[in-house]
There are 2 protein chains.
Amino acid sequence: MKKQSGEQPLGVKEIARRANVAIATVDRVIHNRPGVSPKTKSKIEAIIRELNYQPNILARRLASRHVLRLATLLPKVSSEETDFWTLPVAGIQKAEEEIKQFGVKIEPYYFDLNNRKSFAKVAKQILKNPADGILLAPSFIEESVSFIRSCKELKIPYVFINSDIPQQESLCYIGPDLFRSGYQAGQLIHYCTPRDTRVLVLNVSHEIEDHHHLLRKEEGLRAYFANTARPIVKKDIQQTDPASIEKVLTKALQQHPDTRAVFVTNSRVAAVSRFLEKRARKNKDQNILLIGYDFTKENVSRLDQGHIDFLICQQPGEQGYRGIMALYQHLVMKVPVEKTHFMPIDIITKENHAFYI
Amino acid sequence: MKKQSGEQPLGVKEIARRANVAIATVDRVIHNRPGVSPKTKSKIEAIIRELNYQPNILARRLASRHVLRLATLLPKVSSEETDFWTLPVAGIQKAEEEIKQFGVKIEPYYFDLNNRKSFAKVAKQILKNPADGILLAPSFIEESVSFIRSCKELKIPYVFINSDIPQQESLCYIGPDLFRSGYQAGQLIHYCTPRDTRVLVLNVSHEIEDHHHLLRKEEGLRAYFANTARPIVKKDIQQTDPASIEKVLTKALQQHPDTRAVFVTNSRVAAVSRFLEKRARKNKDQNILLIGYDFTKENVSRLDQGHIDFLICQQPGEQGYRGIMALYQHLVMKVPVEKTHFMPIDIITKENHAFYI
DNA sequence: CTATCTTTCGGTAACGTACCCGGAAAAACG
DNA sequence: CGTTTTTCCGGGTACGTTACCGAAAGATAG
């Protein structure tokens with residue numbers, strides 16, 4: 001079908017005609033470039049507003065000699081620790097695939113989650129040849145704040161992914177609402193275990209990582225049970241090896257034999273499930289509900305085998321995808337983007353994980 | 001940053017140069033238009049393959065004088081019955097928003113879910129001025145098959161959304177795996193109610209609608225409990241008014257006082273929740289788990305008030321979005337699309353519904 | 001008043017593709 | 001062999017924007 005001439009996407013040409021100037025002049029005011037007298041500038045601006053001019057993105061990208069560079073600053077995917085970040089990276093690649101035709105290029109940078117310094121080092125590297133936009137996981141708060149200060153000076157927009165640092169004028173935040181996800185865990189425990197049994201909260205993580213995030217989840221869980229008499233106990237496990245987990249857990253369960261639910265506040269739930277499986281073999285009567293976080297390969301495998309009951313996930317792939325798209329929307333399409341994208345709190349079970357991403 | 005000359009997106013110009021022909025000739029080959037001798041045609045085709053030529057979509061759409069028309073054939077959103085289809089429609093609009101700059105236009109058609117004939121009528125209307133692609137919900141199997149027969153003759157690609165008719169050479173199917181969603185409901189019931197209590201399956205629907213779909217969900221539920229001794233009973237309610245529901249349910253619960261879970265196989269769960277709420281007020285001891293389908297406004301409201309325990313949802317908005325995008329990918333980008341897009345089986349609760357969609 | 005610099009603007013060649021138009025060569029016809 | 005038809009192909013313009021180059025007008029200095 002031929003293009004309807006009924007509707008009229010008026011372009012620069014029409015603006016130029018109406019303003020009695022050349023196309024080049026219209027272009028100058030559109031891009032806020034110098035070389036236009038205030039008089040003609042305001043005249044052209046008026047006409048642009050009047051026509052509600054929408055630039056043709058296709059023609060713009062086609063004619064533009066620039067390619068937009070977006071940098072990503074994320075944790076390295078370490079197979080031995082957790083492969084959580086593979087999915088966001090995949091989402092980012094999907095986004096790149098979609099928009100690379102429009103002159104967008106992504107430059108990935110990775111830091112080591114076990115090494116604060118590596119973050120600062122890689123961040124400095126990015127600033128050496130600054131990109132037009134940045135997507136970062138602000139795992140280390142102090143270092144991140146220092147980095148984005150530089151970004152602000154250079155007027156480079158940045159978006160936070162997976163964890164937020166509020167009040168930092170980021171373009172937007174894309175990730176979970178940690179508190180509410182803990183609250184959701186509370187509901188599952190409430191539905192699946194007897195009212196008077198104990199809940200064990202487990203923080204399995206090195207000191208270096210953000211305890212703050214884990215605490216928010218715990219707070220959410222406790223909030224759910226705030227008006228009940230449910231006994232809750234919390235244990236920290238600083239070493240992530242099986243032996244340390246076994247030691248702490250054995251003691252905790254001995255101390256609190258009424259425990260019927262374990263809530264692991266991060267993706268290390270697979271390791272916990274190994275211990276509980278072993279214990280259940282010896283100790284047939286006990287059936288403990290196990291809930292944890294994140295759609296890692298190992299967790300899903302343990303879920304599938306029935307050793308984890310629920311995983312709470314927050315669409316990690318989508319987070320990466322949306323992060324890039326938010327920068328794209330802002331830089332290319334120049335449309336305002338929502339400040340906060342809370343991801344859905346997905347409940348993953350043995351029965352539905354096959355359909356998840 | 002300037003465009004790198006390092007990488008080379010070779011275009012028609014380069015192909016023409018290498019083949020020693022004019023650009024127009026290359027264009028003819030690319031679009032399989034007549035007027036090229038077999039010799040030169042194969043020569044050009046060889047070069048295209050060799051260079052792995054990827055046309056520049058931007059330039060293509062910019063130069064093209066055609067606008068792609070996509071028709072959607074969906075149930076009318078009826079506020080009094082169920083507003084399920086508002087979300088897919090919203091997803092379709094979002095997709096249109098994204099790709100309308102690329103010369104894609106969507107023409108929506110709606111039929112009445114309570115009237116088979118209206119489907120056929122609207123379908124005929126579409127065929128009067130056929131679009132380039134069609135997205136349809138094949139709610140009435142016979143009528144749909146007849147419609148897509150015409151589409152096949154006209155070589156118009158079509159995609160099914162929300163429910164499938166297998167073996168019909170559709171471009172793809174986008175929607176739920178009904179069986180597995182019922183299976184998932186089984187798991188929730190298993191976790192949340194005592195082992196030996198009864199499960200009541202409820203089909204609340206007019207005769208005219210697809211009972212087949214509801215049956216698949218029931219099969220899934222029964223499959224979950226296949227190797228257990230769990231008592232399951234099924235009731236059909238043909239009239240959707242509160243009185244009919246009350247009548248059937250009162251009788252069923254009297255007959256089976258051991259019922260502790262009710263599984264409603266579609267979005268009419270809100271109506272069921274009203275009855276159960278009333279009953280619980282009189283009859284304080286009984287606490288019955290209620291699980292149903294779909295993220296309708298009413299269901300969410302009942303969920304939020306605590307009268308529904310779980311809703312199983314399948315990202316209705318995403319379904320519409322993906323359906324349009326699949327047609328776009330196929331018609332504009334000419335890339336192959338996956339035959340089956342099973343949507344995730346999302347478990348929605350009072351605690352997480354606020355983050356959904 | 002002329003020379004030089006600055007500000008302001010217009011003309012126009014790209015970007016990669018689609019497609020119209022007209023012309024040359026080849027084939028068919030008489 | 002001349003004429004018509006068909007087949008095959010190249011030239012060139014258009015799509016809406018970007019951005020370079022240089023011209024005209026105005027400002028400043030000598």
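The sequence lines fix the lettering, A, B, ..., with proteins before strands; numbering per chain opens at 1. Heavy-atom basis, side chains included; hydrogens, waters and symmetry copies ignored.
- If you run side chain to side chain donor-acceptor pair (under 3.5 Å) between A:Y321 and each of A:E96, A:E98, A:Q315, only A:E98 comes through.
- With sequence neighbours excluded, the residues satisfying side-chain contact (heavy atoms from CB on, under 4.5 Å) with A:E143 are A:R116, A:F119, A:A120, A:F140.
- Note: CG (A:D27) to C1' (D:dT18) measures 6 Å, nearest angstrom.
- The CD-C1' distance, from B:Q101 to D:dT17, rounds to 14 Å in whole Å.
- Phosphate contact (OP1/OP2 of C:dA18, side-chain N/O of B:H31, threshold under 4.0 Å): present.
- Contact annotation: A:Y53 side-chain N/O to D:dT17 OP1/OP2 distance is under 4.0 Å.
- Residue pairs that meet the side-chain hydrogen bond (donor to acceptor under 3.5 Å, both in side chains) test with at least one member in residues 9-30 of chain A, sequence neighbours left out, are A:E14-A:R17, A:E14-A:R18, A:D27-A:H31, A:D27-A:R33.
- Listed by first then second residue, pairs satisfying salt bridge (charged side-chain N to carboxylate O under 4.0 Å, His left out) with a partner in residues 316-342 of chain B read B:E318-B:R322, not counting sequence neighbours.
- One end of the helix from C:dC1-D:dG30 to C:dG30-D:dC1 points its axis 50° away from the other end's axis, with each axis taken from 5 pairs and the angle rounded to 10°.
- Checking D:dC15, D:dA19, C:dT17 against the side-chain heavy atoms of A:H66 singles out D:dA19 as nearest.
- Rounded to whole angstrom, the span from the CD1 atom of A:I57 across to the P atom of D:dC15 amounts to 19 Å.
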Do any side-chain atoms of residues 167-175 of chain A form donor-acceptor pairs under 3.5 angstrom with protein atoms, and if so which ones, sequence neighbours left out?
from: A:S170; atom 1: OG; to: A:C172; atom 2: O; distance (Å): 3.4
from: A:Y173; atom 1: OH; to: A:N162; atom 2: O; distance (Å): 3.4
from: A:Y173; atom 1: OH; to: A:P176; atom 2: O; distance (Å): 2.9

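- As rounded to whole Å, 15 Å separates atom P of C:dC15 from atom CG of B:L58.
- Taking the salt bridge (charged side-chain N to carboxylate O under 4.0 Å, His left out) definition, one finds that B:K100 meets it with B:E97, sequence neighbours left out.
- Following rounding to the nearest Å, A:N32 (CG) and D:dT17 (C1') show an atom-to-atom distance of 17 Å.
- At the heavy-atom level, A:P55 lies under 4.0 Å from the strands shown only through sugar-phosphate atoms.
- Here B:I324 pairs with B:L70, B:T72, B:I92, B:A95, B:I99, B:I106, B:L135 under the side-chain contact (heavy atoms from CB on, under 4.5 Å) rule; sequence neighbours left out.
- One can place CG of A:L10 at 14 Å from P of D:dC15, the figure rounded to the nearest angstrom.
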Task: nucleotides 7-14 of chain D: protein proximity per nucleotide (B base, S sugar-phosphate only, - neither; heavy atom, under 4.0 Å) - done: -BBBB---
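- Annotation: side-chain contact (heavy atoms from CB on, under 4.5 Å) contacts of B:K124 (sequence neighbours excluded): none.
- Between B:R33 atom CZ and C:dC21 atom P there is a gap of 14 Å when expressed in whole angstrom units.
- At a threshold of 4.0 angstrom between heavy atoms, the contacts of A:N56 are confined to the sugar-phosphate backbone, with no base atom among them.
- For the pair A:K76 and A:Y110, the cation does not sit on the ring face, since its NZ or CZ is not both under 6.0 Å from the ring centre and inside 45° of the axis.
- In this structure, CD of B:E14 is placed 11 Å from P of C:dG16, rounded to the nearest angstrom.
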